[in-house]
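Below is one structure, written out as structure tokens, with a few remarks after it.
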Amino acid sequence: MTKLPFSFYQNDDVNSLAVQLLGKQLFTNVEGQLTGGIIVETEAYKGVIDKASHAYGGRFTNRTQVMYAAGGLAYVYLCYGIHHLFNVVTAPEGTPHAVLIRGLEPVTGIDVMLQRRNMNALKPNLTAGPGALAKALAIDKVLNAKDLQGEEIWIADSGMSVKPENIAAVPRVGVAYAEDHALLPWRYYIKGNKFVSKPNT
DNA sequence: AGGGGGATTTACT
DNA sequence: GTAAATCCCCCTC
């Protein structure tokens with residue numbers, strides 16, 4: 001199992017990259033605990049042209065500056081004051097594209113993840129949903145801007161390939177106002193996987 | 001310097 | 001099904 005190389009993240013086609021991330025494995029090694037799993041749901045954020053992106057319109061702030069860096073970094077931020085959301089920064093330097101990781105199928109350190117989530121048995125909601133999986137992997141803002149080829153958090157290629165017919169591509173929710181971008185399928189997930197955050201049909 | 005909003009989750013009715 | 005929790009960031013005054 002090898003970590004994805006720097007070059008993988010330089011693709012400026014963020015939709016293509018969001019698809020390629022399905023089936024890859026995300027790991028964290030914090031507090032001496034190794035945890036990780038298979039990425040089963042992603043969502044593409046097209047930087048400057050995406051109204052839902054923090055970098056929409058070229059906004060450049062303390063928080064968003066990491067999105068403008070060359071791909072291969074983590075972008076972690078706090079939502080609703082409670083939940084940490086983990087994104088993969090992609091595209092060459094200057095292009096603030098990112099991929100939100102929304103669902104993970106647990107593989108490594110499941111007992112540790114259960115503890116962090118205060119759960120006793122493995123259920124889909126352990127890591128289904130961006131806030132939930134971040135908590136299970138102990139991802140917080142400390143990991144913001146970390147190199148995804150580092151020792152604390154990384155993404156590896158397990159060699160698993162997901163067939164195109166097993167990948168669902170659906171429009172994002174609540175973007176009906178976004179003109180011709182409204183119907184673009186920016187949310188991707190592995191069909192039938194229990195760790196996808198929502199049916200979202 | 002202050003206030004509104006957010007890529008969500010959980011619990012309760 | 002609906003509502004509350006909760007804090008950091010960004011825009012405006």
Side-chain angles (χ1 to χ4, degrees), chain A residues 9 14-15 17-19 21-22 26 37 39-69 71 73-91 95-106 113-146 148 153 155 168-179 181-190 194-201:
Chain A
Y9 300 102
V14 67
N15 290 307
L17 210 137
V19 169
L21 280 171
L22 294 173
L26 170 67
I39 295 169
V40 299
E41 183 180 1
T42 61
E43 188 163 307
Y45 282 81
K46 280 195 183 179
V48 173
I49 65 165
D50 185 352
K51 287 185 179 177
S53 170
H54 293 160
Y56 174 63
R59 196 165 45 193
F60 186 91
T61 66
N62 262 350
R63 183 173 64 157
T64 62
Q65 61 177 342
V66 65
M67 300 177 75
Y68 290 82
L73 301 182
Y75 172 44
V76 181
Y77 86 101
L78 189 63
C79 189
Y80 292 91
I82 306 172
H83 310 289
H84 292 279
L85 274 61
F86 169 68
N87 303 251
V88 177
V89 175
T90 72
T95 303
H97 291 175
V99 177
L100 172 68
I101 306 302
R102 297 185 53 88
L104 200 75
E105 178 176 330
M113 291 192 257
L114 288 172
Q115 267 182 24
R116 288 174 178 155
R117 298 271 292 131
N118 286 324
M119 294 169 59
N120 292 320
L122 178 57
K123 288 183 289 189
N125 66 350
L126 176 66
T127 52
L133 74 87
K135 187 173 183 186
L137 295 186
I139 293 172
D140 62 19
K141 62 178 185 169
V142 174
L143 294 179
N144 189 41
K146 292 287 186 187
L148 291 176
I153 182 168
I155 298 175
V170 299
R172 295 189 309 181
V173 178
V175 293
Y177 58 88
E179 297 105 34
H181 290 154
L183 296 179
L184 288 178
W186 287 349
R187 188 191 299 262
Y188 305 94
Y189 60 89
I190 298 178
K194 292 184 175 60
F195 296 92
V196 171
S197 64
K198 287 179 186 173
N200 185 34
T201 50

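Every heavy atom of this structure was used, including side-chain atoms; hydrogens, water molecules and symmetry mates were not. Order of the sequence lines sets the chain letters (A, B, ...), proteins ahead of strands, with each chain counted from 1.
Using the Watson-Crick or G-U wobble rule with both distances under 3.5 Å, dA7(B) pairs with nothing in any strand shown. Under the Watson-Crick or G-U wobble criterion, with both distances below 3.5 Å, dT6(C) has no partner in any strand shown.
Summarising the geometry, the separation between CD on E43(A) and C1' on dT8(B) is reported as 13 Å, rounded to the nearest angstrom. Counting to the nearest Å, the C1' atom of dC10(C) and the NZ atom of K51(A) are 18 Å from each other. Per the geometry, CG belonging to L85(A) stands 13 Å off C1' belonging to dC8(C), to the nearest Å. If you measure from atom CG of N144(A) to atom C1' of dC9(C), you get 13 Å, rounded to the nearest angstrom. If you measure from atom OH of Y80(A) to atom P of dC9(C), you get 17 Å, rounded to the nearest angstrom. Taking atom CZ of residue R63(A) and atom P of nucleotide dC8(C), one finds them 12 Å apart after rounding to whole Å. Between L126(A) atom CG and dT10(B) atom P the separation is 10 Å, expressed in whole Å. In this structure, the CD1 atom of I82(A) is 12 Å from the P atom of dC8(C), given to the nearest Å.
At a threshold of 4.0 angstrom between heavy atoms, the contacts of N87(A) include nucleobase atoms, whether or not backbone atoms are also involved.
Contact check, R117(A) against dT10(B): a side-chain N or O comes under 4.0 Å of OP1 or OP2. For T61(A), no side-chain nitrogen or oxygen approaches OP1 or OP2 of dC9(C) to under 4.0 Å. In this structure, R59(A) reaches the dC11(C) phosphate: one of its side-chain N or O atoms is under 4.0 Å from OP1 or OP2.
Aromatic stacking is marked for Y45(A) over dA7(B), as both cut-offs hold: 5.5 Å for the centres and 30° for the planes.
Heavy-atom distances to DNA chain C give each of C79(A) and T64(A) a nearest nucleotide, and the one nearer the 5′ end belongs to C79(A).
Side-chain contact between M113(A) and L126(A): present, with at least one pair of heavy atoms (C-beta onward) separated by less than 4.5 Å.
Comparing dA7(B), dC10(C), dT9(B) against the side chain of L100(A) picks out dA7(B) as the nearest. The side chain of L78(A) approaches dC8(C) more closely than any other nucleotide in the set dT8(B), dC8(C), dA5(C). Nearest nucleotide to the P130(A) side chain, out of dC7(C), dC10(C), dT8(B): dT8(B). Residue H54(A) places its side chain closer to dA7(B) than to any other of dA7(B), dT9(B), dC7(C).
With respect to the salt-bridge test (charged N to carboxylate O, under 4.0 angstrom), the residues R187(A) and E41(A) qualify.
Under the 3.5 Å distance criterion, with hydrogens and angles disregarded, no donor-acceptor pair is assigned to the side chains of Y45(A) and H54(A).
The minimum heavy-atom distance linking L143(A) with A138(A) is given by the pair CD1-O, 4.1 Å.
The backbone N or O of A18(A) sits less than 3.5 Å from a side-chain atom of T42(A), completing a donor-acceptor pair.
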